[in-house]
Every structure is written in structure tokens, then in C-alpha cells.
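These notes concern the structure reproduced below.
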Amino acid sequence: MGKISAAITAVGKYVPDFVLTNKELETMVDTNDEWITTRTGIKERRILKGEGKGTSFMAIKAAEELIQKRGIDPKEIDLVIVGTATPDLQVAATAAFVASQIGATNAFAFDLEAACSSFLYGMSTASSYIESGRYKKVLLIGADKMSSILDYTDRTTCIIFGDGAGAALFEPNEEGLGFQDEYLRSDGIGRNFLKIDAGGSLLPASEETVKNKQHFVFQDGKSVYKYAVSNMADVSAKIMERNNLEEKDVDWLVPHQANKRIIDATASRMGVDSSKVMMNIQKYGNTTSATLPLLLADYEKQLKKGDNLVFAAFGGGFTWGSIYLKWAYNS
Ligand SMILES: CC(C)(COP(=O)(O)OP(=O)(O)OC[C@H]1O[C@@H](n2cnc3c(N)ncnc32)[C@H](O)[C@@H]1OP(=O)(O)O)[C@@H](O)C(=O)NCCC(=O)NCCS
């Protein structure tokens with residue numbers, strides 16, 4: 001038996017129907033389509049509407065699409081990981097609810113929170129469980145209802161984020177495909193620049209915190225931008241160097257969709273042509289944990305077995321990193 005690597009064998013996605021355009025945002029805050037487009041690359045984002053619908057609603061839909069595409073019995077799934085910064089509830093793991101709802105009754109399940117790097121870190125976790133031989137099917141979902149933590153009177157944050165979910169199944173591979181290498185980093189300095197102040201153990205919810213709007217995302221955009229640009233480019237260049245990948249060897253850059261300018265800077269540092277850069281920020285904005293699997297789902301038809309993919313992400317915390325993976329199937 002050859003060495004076991006962890007390959008992605010199927011993907012699924014879900015985005016809500018409601019489209020919030022830049023034009024509509026112009027009626028809500030002091031902004032304009034031209035500013036948003038040139039500064040971020042975003043034209044529109046999806047918003048999950050409807051009472052009683054949380055992040056799990058989208059995670060379940062993405063997982064169900066994946067299960068149907070792969071044609072597996074959900075009972076075969078060993079583990080469900082939900083990467084999210086917006087769990088349904090504070091204490092009960094969203095992943096446990098998702099696993100039960102999709103019929104993954106033999107799985108255990110947990111959430112993974114690393115802000116915009118949740119899916120990337122989850123890829124590392126899922127791959128480790130497969131490579132060790134401990135489990136055969138790990139379902140990794142990235143899902144966020146960012147609209148639930150945004151202040152739609154704050155033009156510096158509400159224009160950036162959107163809602164969505166994506167899923168990927170990790171299974172053993174003996175052809176050397178799948179996960180190859182990772183370079184993951186974090187730095188606690190980041191919590192000064194991108195955070196929700198209240199509702200956690202440091203500052204529990206109170207009338208005061210609600211009045212002060214401390215349950216919404218706060219971001220010092222300029223500082224986050226500075227860290228994101230240099231760090232995302234650094235780790236991507238590093239993973240190429242460590243694996244002797246030249247730009248011609250990289251078939252796809254799969255970058256977290258935070259800002260088109262950050263993505264362009266990363267691609268340029270890697271020397272990768274824009275035709276090889278996955279991009280859907282114009283349609284969905286920054287969906288936090290969902291950006292990477294949404295890209296895989298949108299580009300799935302263009303991916304070929306053996307393609308070299310370099311993933312890169314940067315998020316709150318700060319958390320960031322890069323993963324090198326060989327695509328394992330033709331669709
Ligand atoms: C948020 C971000 C798009 C702002 O772009 P920027 O070029 O840094 O813009 P600035 O914050 O310097 O603001 C420039 C001006 O535009 C204004 N502005 C801010 N938001 C605006 C909006 N939505 N519409 C119009 N004007 C806006 C500012 O008030 C500022 O005006 P001033 O010069 O009169 O003070 C950018 O900083 C960014 O993408 N940061 C990283 C975000 C990110 O990646 N977050 C997630 C990490 S995973």
C-alpha cells in the first residue's frame with residue numbers, strides 16, 4: 001500500500017438568493033459603486049434573509065449538494081468540521097447540528113474558528129485525520145452569515161462582507177494527489193485591528209454593549225490591509241520555494257477573497273498570471289470562512305486531475321497561511 005495522502009474528492013456550495021448590490025448600499029450608507037469597486041473589487045454580495053435561518057442553514061445546503069454529487073451515504077462520514085466565525089449559537093457546536101441534519105449520524109463534529117482562515121486551517125486538520133489513517137471521510141464546511149454581525153450604518157465594514165457556504169470532502173488517496181504542504185501562521189497582535197468587542201468572556205453582553213454597538217465587527221481597514229498584503233504574499237512565496245514550484249508549475253492560486261488588491265498583490269509576488277487566479281469576490285464579497293470552498297465550487301469544472309493549487313488566506317486574530325494541494329479528479 002502506498003503512502004496515504006488527503007485528497008478533496010467533492011465540493012458543494014450554497015449562496016442565498018438575495019443580492020445586495022453596491023447601488024443598493026448607496027441608499028443605506030454614504031458610499032458609491034465606484035469607490036467600492038476600485039477599492040475592493042466587490043460589485044454585489046448575497047444576504048441570508050428569513051427568520052430562524054442561521055449559518056447552519058447554508059452549511060447544510062452546501063453539504064447536501066456535495067453528498068448528492070459524490071453519491072455517498074452520509075452515514076459513511078466520520079467527521080464534520082464547520083469553519084465559522086458566526087456559529088448559530090454561542091455554546092452548542094454548529095457542526096453537531098449540521099451533522100445530524102444531513103444524516104451523518106456516525107460522525108462526530110466540531111466547529112473551528114480562525115476567522116477568515118478557518119477553512120484553510122480546517123484543510124490542515126481534515127488532511128491530518130486522513131493521512132494518519134484514522135478516518136476515511138472528513139467533511140469540511142466553511143460557512144458564515146456575516147450579515148448577522150455587521151452594522152449596516154458603518155460604511156467601512158458593511159460593504160465588504162457577504163453570506164455563503166462551501167463544503168469539501170477529504171478522502172484517502174494513494175496516487176500522491178491531494179494535500180502536499182502547509183505553512184500556517186498566527187499573531188495575536190491582530191485582535192487590536194479586527195474584532196467584535198463584546199459578547200465574549202472579556203466583555204459579556206449588557207445593555208451598555210448593545211447601546212455602544214460593540215456586538216458588530218470593528219475593523220481598522222488600513223492596518224488589516226497592510227498586514228494582509230505582506231503576509232499573504234509571504235506565505236504563498238514561501239510555499240512555492242519550499243516545494244520548488246516555479247510560476248509555470250502553479251495551475252491555480254486559490255486566494256481568500258478579502259480585497260481584489262490583496263489578491264493581485266499576492267499573485268504578483270508569486271509571479272502567477274491573473275488567468276490562473278480564482279476570483280469571485282465581485283459576486284459574493286468576503287464570505288469569511290466560505291471564500292475558499294466557494295471558489296473551488298465555482299471553478300470545479302475547470303480543474304483537472306493533477307493540477308497544482310496554492311491556497312492562501314488571511315484573517316482576524318491574525319491568522320494566515322498557505323497550503324499546496326494537488327487536485328485529485330476531473331469533473
Ligand atoms: C477596508 C478597505 C477596503 C478600505 O480601503 P482603503 O483604501 O484602505 O480606504 P481608507 O480606509 O484609507 O479610506 C479612504 C477614504 O475613504 C473613506 N471611506 C471608507 N469607507 C468608504 C466607503 N464604503 N465608501 C466611500 N468612502 C469610504 C474613508 O473615510 C476615507 O476618507 P478620508 O480620506 O476622507 O478619511 C481596505 O482597507 C481593506 O480592504 N482592508 C482590508 C480588509 C480586509 O481584508 N478585511 C478582512 C480581512 S480577512
Side-chain angles (χ1 to χ4, degrees), residues 20-45 83-86 112-122 142-147 149-164 166 184-196 216-236 254-267 279-282 284-295 311-322:
L20 178 59
T21 62
N22 290 349
K23 278 274 160 229
E24 183 145 1
L25 277 168
E26 285 179 9
T27 68
M28 298 159 67
V29 287
D30 181 14
T31 191
N32 59 78
D33 176 42
E34 204 262 332
W35 192 95
I36 300 174
T37 306
T38 53
R39 300 284 176 130
T40 70
I42 302 166
K43 294 300 271 182
E44 56 189 43
R45 66 289 291 142
T84 187
T86 53
L112 192 159
E113 207 283 282
C116 292
S117 303
S118 298
F119 192 85
L120 189 87
Y121 283 14
D144 267 304
K145 184 181 170 184
M146 294 306 291
S147 61
I149 52 170
L150 290 175
D151 175 2
Y152 282 93
T153 65
D154 175 6
R155 69 176 182 173
T156 68
T157 52
C158 76
I159 57 135
I160 293 172
F161 298 96
D163 301 339
L184 306 179
R185 312 295 305 146
S186 67
D187 185 345
I189 194 176
R191 79 177 188 179
N192 299 319
F193 306 113
L194 178 51
K195 60 182 171 178
I196 293 178
F216 292 123
V217 171
F218 161 84
Q219 173 172 258
D220 170 352
K222 245 192 193 7
S223 300
V224 174
Y225 183 85
K226 221 174 58 202
Y227 280 99
V229 161
S230 65
N231 286 322
M232 230 167 97
D234 276 357
V235 290
S236 309
V254 192
H256 172 53
Q257 307 284 291
N259 184 314
K260 184 174 182 298
R261 291 184 292 147
I262 298 174
I263 298 167
D264 290 345
T266 303
M279 187 104 70
N280 57 16
I281 192 170
Q282 68 284 359
Y284 307 138
N286 181 350
T287 53
T288 303
S289 311
T291 59
L292 300 182
L294 280 175
L295 285 172
F311 293 76
F314 185 88
F318 293 127
T319 55
W320 73 98
S322 182

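Computation of the quantities below employed the complete heavy-atom set of this structure, encompassing side-chain atoms and omitting hydrogens, waters and symmetry-equivalent molecules. Whatever order the structure lists ligands and atoms in, that order sets their numbers, starting from 1.
Using a 4.0 Å cut-off between heavy atoms, Ile262 contacts ligand 1 through its side chain alone, with no backbone atom that close. By the criterion of a heavy-atom distance under 4.0 Å, neither the backbone nor the side chain of Ala228 is placed next to ligand 1. At a heavy-atom cutoff of 4.0 Å, ligand 1 is contacted by no atom of Ile36, backbone or side chain. Within the 4.0 Å heavy-atom criterion, both parts of Tyr225, backbone and side chain, lie near ligand 1.
The nearest protein atom to atom 40 (N) of ligand 1, hydrogens excluded, is given as Gly221 O, 3.0 Å; this is a heavy-atom distance. Protein heavy atom nearest atom 6 (P) of ligand 1, with residue, atom name and distance: Arg39 NH1, 3.5 Å. Protein heavy atom at the shortest distance from atom 12 (O) of ligand 1 is Lys222 NZ, 2.4 Å. Considering only non-hydrogen protein atoms, atom 47 (C) of ligand 1 sits nearest to Val224 CG1, 3.7 Å. For atom 5 (O) of ligand 1, the closest heavy atom belonging to the protein is Arg261 NH2, 3.7 Å. The single protein non-hydrogen atom nearest to atom 17 (C) of ligand 1 is Arg155 NH2, 3.6 Å, given as residue, atom name and distance. Nearest protein heavy-atom contact of atom 20 (N) of ligand 1 is Trp35 CH2, 3.4 Å.
Taking any N or O of Thr156, backbone or side chain, none lies under 3.5 Å from an N or O belonging to ligand 1. Between Thr40 and ligand 1, not a single N/O pair is under 3.5 Å apart. In terms of N/O distances under 3.5 Å, ligand 1 is approached by Thr31. In terms of N/O distances under 3.5 Å, ligand 1 is approached by Asn259. Considering both main-chain and side-chain atoms, Ile160 never comes within under 3.5 Å of ligand 1 through any nitrogen or oxygen pair.
In this structure, Met146 CE and Cys116 SG are separated by 6.5 Å, a value rounded to the nearest 0.5 Å. With rounding to the nearest 0.5 Å, the separation of CG in Asn280 from CD1 in Ile42 is 11.0 Å. A distance of 8.5 Å separates OG1 of Thr40 from CZ of Arg261, quoted to the nearest 0.5 Å. If you take CG on Asn259 and CG on Asn286, they are separated by 9.5 Å, rounding to the nearest 0.5 Å. Note: Asp234 CG to Tyr227 OH = 13.0 Å, rounded to the nearest 0.5 Å. The line from NZ of Lys222 to OG1 of Thr156 is 12.0 Å long, rounded to the nearest 0.5 Å.
Contact detail for Ser118 and Ala114: the closest heavy-atom pair is OG-N, 2.8 Å. Scanning all heavy atoms of the two residues, the minimum distance from Ala233 to Ala265 falls at CB-O, 4.5 Å. When all heavy atoms of His256 and Phe314 are compared, the closest pair comes out as CD2-O, 3.3 Å.
Side-chain contact of Thr287 with Asp144: a donor-acceptor pair under 3.5 Å is absent, judged by distance alone.
The contact set between ligand 1 and Ala258, taken as ligand atoms under 4.0 Å from a residue heavy atom, comprises 44 (O). The atoms of ligand 1 that sit less than 4.0 Å from any heavy atom of Gln219 are 42 (C), 43 (C), 45 (N), 46 (C). Within ligand 1, the atoms closer than 4.0 Å to a non-hydrogen atom of Cys116 are 48 (S), numbered from 1 in the order shown. The distance from ligand 1 to the heavy atoms of His256 drops below 4.0 Å at these ligand atoms: 48 (S).
Within a 4.0 Å radius of atom 30 (C) of ligand 1, the protein contributes no non-hydrogen atoms. Within a 4.0 Å radius of atom 34 (O) of ligand 1, the protein has no heavy atom. In this structure, atom 2 (C) of ligand 1 has its sub-4.0 angstrom surroundings free of protein heavy atoms.
Leu194 has its side chain within reach of Val217: a pair of non-hydrogen atoms, C-beta onward, lies under 4.5 Å apart.
Taking 4.0 Å as the cut-off, Asp30 counts as a neighbour of ligand 1 on heavy-atom distance.
Using a cutoff of 4.0 Å between basic side-chain nitrogens and carboxylate oxygens, Lys43 and Asp33 are scored as salt-bridged.
Counting only distance, with no hydrogens or angles, the side chain of Glu24 and the backbone of Glu26 share no donor-acceptor pair below 3.5 Å.
Of the residues Leu150, Leu25, Leu20, Asp154, the one that meets the side-chain contact (heavy atoms from CB on, under 4.5 Å) test with Ile159 is Leu25.
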